[in-house]
Asker: 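First the structure, then my questions, so here it is.
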2 protein chains.
Amino acid sequence: MERSTRQRHAIRSALEAAGRPLLPSEIHAEAQREIAALGLATVYRNIKQLTAAGDIRPVELPGDPARYELAVHKHHHHFRCKSCSRVFDVHACPGNMQKLAPPGFKVDGHELTLYGLCSGCQ
Amino acid sequence: MERSTRQRHAIRSALEAAGRPLLPSEIHAEAQREIAALGLATVYRNIKQLTAAGDIRPVELPGDPARYELAVHKHHHHFRCKSCSRVFDVHACPGNMQKLAPPGFKVDGHELTLYGLCSGCQ
DNA sequence: ATACTTGCAAAACATTTGCAGTGAG
DNA sequence: CTCACTGCAAATGTTTTGCAAGTAT
């Protein structure tokens, strides 16, 4: 069973306060302002548990370690601006991808990232 | 200046023979069939150099370490088997993505990854 | 010869796990 | 009272780096 601990609350609060994807080390630093003795291993364990529970979601940018954010949105994709490097949510989805796979392959999920210029960088 | 060594040749050959993105450890194992004493550090050093030279390209999938493939291939996507974790090239492409982006955004590239079961793992 | 390369081992990182003690239900 | 949770340290797993020896040009 899942318990409600001070540590877990501090970690969730850190993500809520940030409003942007945070690195595990950033979550750790932020949550330590609430609980000084908080261990980094506990942050990782909670990230894993919260992710499994669907409360938070990993945001993986090529080259960097995974960041985490609250799972506020439903299925969506990402648009990364080549100029400002910011990542935006794209709520459209091309739909079924089965026809793209080689014969004999079964598709049951997909991930799409668009690259280009955002409206502010045109 | 860039030299042509046996090691570099073996590494490039491994990627040519595979025809799919390989992990550094897979490149190492394959290239060792040609040069038994090949060190893993040498594989990493060559990957870095070949990437900088534009000969190979990294394929970064969420959750696991970067794979590498020859940069010769034209535009394509990837399929990752949830069972055996291998990654395959998908030469089909859904095409124009502009309509998915928010108004005011200009799309000039995209990356797509499919997840599911490969023919061997059904 | 020169200086880029290599193999090995150790280092640098990010993440996970073992364990004994702690605390929520 | 129980057993999930925690902190700490040690263990993993991946990629990088220091160094002395090797080798392509």
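Letters A, B, ... mirror the listed sequences (proteins, then strands); counts begin at 1. In this text the structure is predicted, and so the values were computed from the model without any measurement.
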Asker: Anything under 4.0 Å to a heavy atom of chain B counts; send over the first and last such nucleotide of DNA chain D, read 5' to 3'.
Answerer: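 Here the contact window of chain B covers D/dT14 to D/dT25.
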Asker: With sequence neighbours left out, write down each residue that passes side-chain contact (heavy atoms from CB on, under 4.5 Å) with A/Ala29, or none if nothing qualifies.
Answerer: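 side-chain contact (heavy atoms from CB on, under 4.5 Å) check on A/Ala29 returns nothing, list empty.
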Asker: What class does the angle between the rings of B/His76 and B/His91 fall in, given that below 30° is parallel, 30 to 60° is tilted and above 60° is perpendicular?
Answerer: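 Taking B/His91 first and then B/His76, their aromatic rings sit tilted (interplane angle of 30° to 60°).
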Asker: At under 4.0 Å, does any side-chain N or O of B/Gln49 touch on OP1 or OP2 of C/dT5?
Answerer: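 For B/Gln49, the contact criterion (side-chain N or O under 4.0 Å from OP1 or OP2 of C/dT5) is met.
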Asker: How would you list, by chain and number, every residue that makes a ring pair (Phe, Tyr, Trp, His ring centres under 6.0 Å) with B/His28, sequence neighbours excluded?
Answerer: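 Once residues adjacent in sequence are excluded, B/His28 has no partner under the ring pair (Phe, Tyr, Trp, His ring centres under 6.0 Å) criterion.
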Asker: Considering only residues two or more places apart or on different chains, which pairs with a residue in residues 23-39 of chain B satisfy salt bridge (charged side-chain N to carboxylate O under 4.0 Å, His left out)?
Answerer: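 The answer is B/Arg20-B/Glu26, B/Glu30-B/Arg33.
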Asker: Less than 4.5 Å apart, any side-chain heavy atom of B/His77 and any of B/Leu114?
Answerer: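 Sidechains of B/Leu114 and B/His77: no contact.
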Asker: Quick one: salt bridge (charged side-chain N to carboxylate O under 4.0 Å, His left out) pairs with a partner in residues 83-93 of chain B, sequence neighbours left out?
Answerer: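 Counting only pairs at least two positions apart or across chains, no salt bridge (charged side-chain N to carboxylate O under 4.0 Å, His left out) contact touches residues 83-93 of chain B.
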Asker: Does the plane of the ring in B/Phe79 sit parallel, tilted or perpendicular to the ring in A/Phe105? Use 30° and 60° as the thresholds.
Answerer: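 Perpendicular, since the angle between the ring planes exceeds 60°.
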Asker: Mind checking what makes salt bridge (Lys or Arg N to Asp or Glu O under 4.0 Å) contact with B/Lys82, not counting sequence neighbours?
Answerer: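 Here the qualifying residues are A/Asp108.
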Asker: Return each pair, listed once, that meets salt bridge (charged side-chain N to carboxylate O under 4.0 Å, His left out) where at least one residue sits in residues 70-81 of chain B; pairs must be two or more places apart or across chains.
Answerer: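 Applying salt bridge (charged side-chain N to carboxylate O under 4.0 Å, His left out) to every pair that reaches into residues 70-81 of chain B, excluding sequence neighbours, yields B/Asp64-B/Arg80.
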Asker: Can you name the ring pair (Phe, Tyr, Trp, His ring centres under 6.0 Å) partners of B/Tyr115, sequence neighbours left out?
Answerer: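 Scan of B/Tyr115 (ring pair (Phe, Tyr, Trp, His ring centres under 6.0 Å), adjacent residues dropped) gives none.
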Asker: Return the polar atom pairs (N/O with N/O) between nucleotides 23-25 of chain C and the protein under 3.5 Å, or none.
Answerer:
| unit_1 | atom_1 | unit_2 | atom_2 | d |
| --- | --- | --- | --- | --- |
| C/dG23 | N2 | A/Arg3 | NH1 | 2.6 |

Asker: Taking distance alone, no hydrogens or angles, what donor-acceptor pairs closer than 3.5 Å link side-chain atoms of residues 49-62 of chain B to residues at least two apart or in another chain?
Answerer:
| unit_1 | atom_1 | unit_2 | atom_2 | d |
| --- | --- | --- | --- | --- |
| B/Gln49 | OE1 | B/Arg8 | NH2 | 3.4 |
| B/Thr51 | OG1 | B/Ile47 | O | 2.7 |
| B/Asp55 | OD2 | B/Arg12 | NH2 | 3.3 |
| B/Arg57 | NH1 | B/Glu69 | OE2 | 3.2 |
| B/Arg57 | NH2 | B/Ala71 | O | 3.1 |

Asker: Would you mind reading off the bend of the helix from C/dA1-D/dT25 to C/dG25-D/dC1 from its two end axes, five pairs each, to 10 degrees?
Answerer: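 Nearest ten degrees gives 30° for this helix.
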Asker: Does A/His75 form a ring-ring contact (aromatic ring centres under 6.0 Å, His included) with A/His110? I'd like the steps, not just the answer.
Answerer: CA-CA 10 Å; A/His75 175 76; A/His110 67 272; 5.3 Å; yes
Asker: Would a 4.5 Å heavy-atom cut-off, applied to side chains only, mark A/Cys118 and A/Phe88 as touching?
Answerer: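 Yes, side chains in contact.
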Asker: What is the distance, rounded to the nearest whole Å, between atom CD of B/Gln7 and atom P of C/dT5?
Answerer: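 Taking CD of B/Gln7 and P of C/dT5, I get 11 Å after rounding.
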Asker: Please list, for nucleotides 13-16 of chain C, all pairs of protein and nucleotide N/O atoms separated by less than 3.5 Å.
Answerer:
| unit_1 | atom_1 | unit_2 | atom_2 | d |
| --- | --- | --- | --- | --- |
| C/dT15 | OP2 | A/Tyr44 | OH | 2.2 |
| C/dT15 | O5' | A/Tyr44 | OH | 3.4 |

